Amino acid sequence: MFDTIVIATDGSDSVRRAVDVAVDVAVRFDAEVHALYVVDSGEVESTPDEVRDDLRDALDDHGEAAIDQVTDAAAARDASLEITTDVREGRPAPEISGYAREVGADVVAMGTRGRHGENRFLIGSVAERVVRTCPIPVLTVRQLTDESPRRTTI
């Protein structure tokens, strides 16, 4: 059912549970896994010129750390699971959708903080934009507020 899974990560606590769920699905279906981090070009472009390169470098480093979280979680679950990793720069939602189409993904997995109401409209959500615009099914995994963010049950 799932041959290729893209795990979109930003390294936050809200994505850790999604990583665990996606890795579990990949193991169960013997799927190929792609871990993707997108450096938000809008965030970089909105900074003053004198700190722009430093910010881009810091975001690249953060992206590598986020990708490492995915590979570590996969290795802990099944050492034989191979993961293709990529760090890209652009607008996160279109980059995630485009990458998923490029690799022929069957599903995109991502975390969400579970915001609703006014907070969702004021803050916006990459996950929501991907769900609305991606032609590939999107598995969103909500961070649990009353439990460890890494607890998973399928």
Side-chain angles (χ1 to χ4, degrees), residues 1-44 55-116 119-120 123-154:
M1 182 170 180
F2 298 111
D3 292 323
T4 305
I5 299 172
V6 171
I7 302 173
T9 182
D10 64 2
S12 67
D13 285 342
S14 63
V15 80
R16 289 184 183 166
R17 186 164 175 260
V19 168
D20 289 342
V21 169
V23 166
D24 190 48
V25 170
V27 168
R28 289 175 188 225
F29 287 96
D30 192 29
E32 177 183 336
V33 176
H34 292 258
L36 175 66
Y37 177 87
V38 179
V39 175
D40 188 341
S41 61
E43 188 175 344
V44 173
L55 176 63
R56 182 176 284 112
D57 291 342
L59 290 172
D60 284 339
D61 290 345
H62 180 75
E64 292 297 333
I67 294 293
D68 288 346
Q69 287 177 352
V70 176
T71 57
D72 291 348
R77 177 68 168 84
D78 184 342
S80 68
L81 193 62
E82 291 185 33
I83 299 188
T84 302
T85 63
D86 200 356
V87 175
R88 296 194 170 186
E89 184 172 334
R91 292 185 8 242
E95 284 293 327
I96 292 166
S97 295
Y99 183 86
R101 285 190 308 272
E102 272 178 43
V103 300
D106 298 300
V107 67
V108 175
M110 45 192 324
T112 180
R113 290 175 184 86
R115 290 189 181 110
H116 58 281
N119 287 336
R120 184 188 60 172
I123 298 168
S125 166
V126 172
E128 182 180 4
R129 283 191 292 278
V130 173
V131 166
R132 290 178 186 255
T133 62
C134 188
I136 294 160
V138 180
L139 169 66
T140 59
V141 180
R142 186 170 161 210
Q143 177 183 359
L144 301 176
T145 56
D146 61 340
E147 299 173 8
S148 167
R150 297 199 56 95
R151 180 178 160 253
T152 60
T153 53
I154 293 183

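The shown structure was predicted, so the numbers you read here are calculated from the model rather than taken from an experiment.
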What heavy-atom pair brings [X] and [Y] nearest, and what distance separates the two atoms?
X: Asp86; Y: Arg88; result: OD2-NE, 2.8 Å
X: Val23; Y: Ala73; result: CG1-O, 4.2 Å
X: Val38; Y: Gly90; result: CG1-O, 3.7 Å
X: Ala127; Y: Thr112; result: CB-CB, 4.3 Å
X: Ala66; Y: Tyr37; result: CB-CD1, 3.9 Å
X: Ala8; Y: Val15; result: O-CG2, 3.5 Å

Under 3.5 Å donor-acceptor, His62 side chain and Val39 backbone: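 Here the side-chain-to-backbone pair does not exist.
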Side-chain (Arg17) to main-chain (Gly111) donor-acceptor, under 3.5 angstrom: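 No.
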side-chain contact (heavy atoms from CB on, under 4.5 Å) partner of Val138, the single match among Met110, Arg132, Glu128: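 Exactly one pass, corresponding to Met110.
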Partner of Thr9 under side-chain contact (heavy atoms from CB on, under 4.5 Å), chosen from Val70, Leu36, Thr85: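 When side-chain contact (heavy atoms from CB on, under 4.5 Å) is applied between Thr9 and each of Val70, Leu36, Thr85, only Val70 qualifies.
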Close side-chain approach of [X] to [Y], heavy-atom, < 4.5 Å:
X: Arg16; Y: Val19; answer: no
X: Ile67; Y: Val87; answer: yes
X: Asp24; Y: Val21; answer: no

Between CD on residue Glu64 and OG1 on residue Thr71, distance to nearest 0.5 Å: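 Answer for the CD-OG1 pair, Glu64 versus Thr71, is 9.5 Å.
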Distance (rounded to the nearest 0.5 Å) between Ile5 CD1 and Leu139 CG: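 So the CD1 of Ile5 and the CG of Leu139 are separated by 8.5 Å.
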Between side-chain atoms of residues 91-101 and protein atoms elsewhere (two or more places apart, or another chain), which donor-acceptor pairs fall under 3.5 Å?
from  : atom 1 : to    : atom 2 : distance (Å)
Ser97 : OG     : Ala93 : O      : 3.3
Tyr99 : OH     : His34 : ND1    : 2.8

Presence of salt bridge, Asp60 and Arg56, under 4.0 angstrom: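 Here Arg56 does not pair with Asp60 in a salt bridge, since their nearest N and O are not under 4.0 Å apart.
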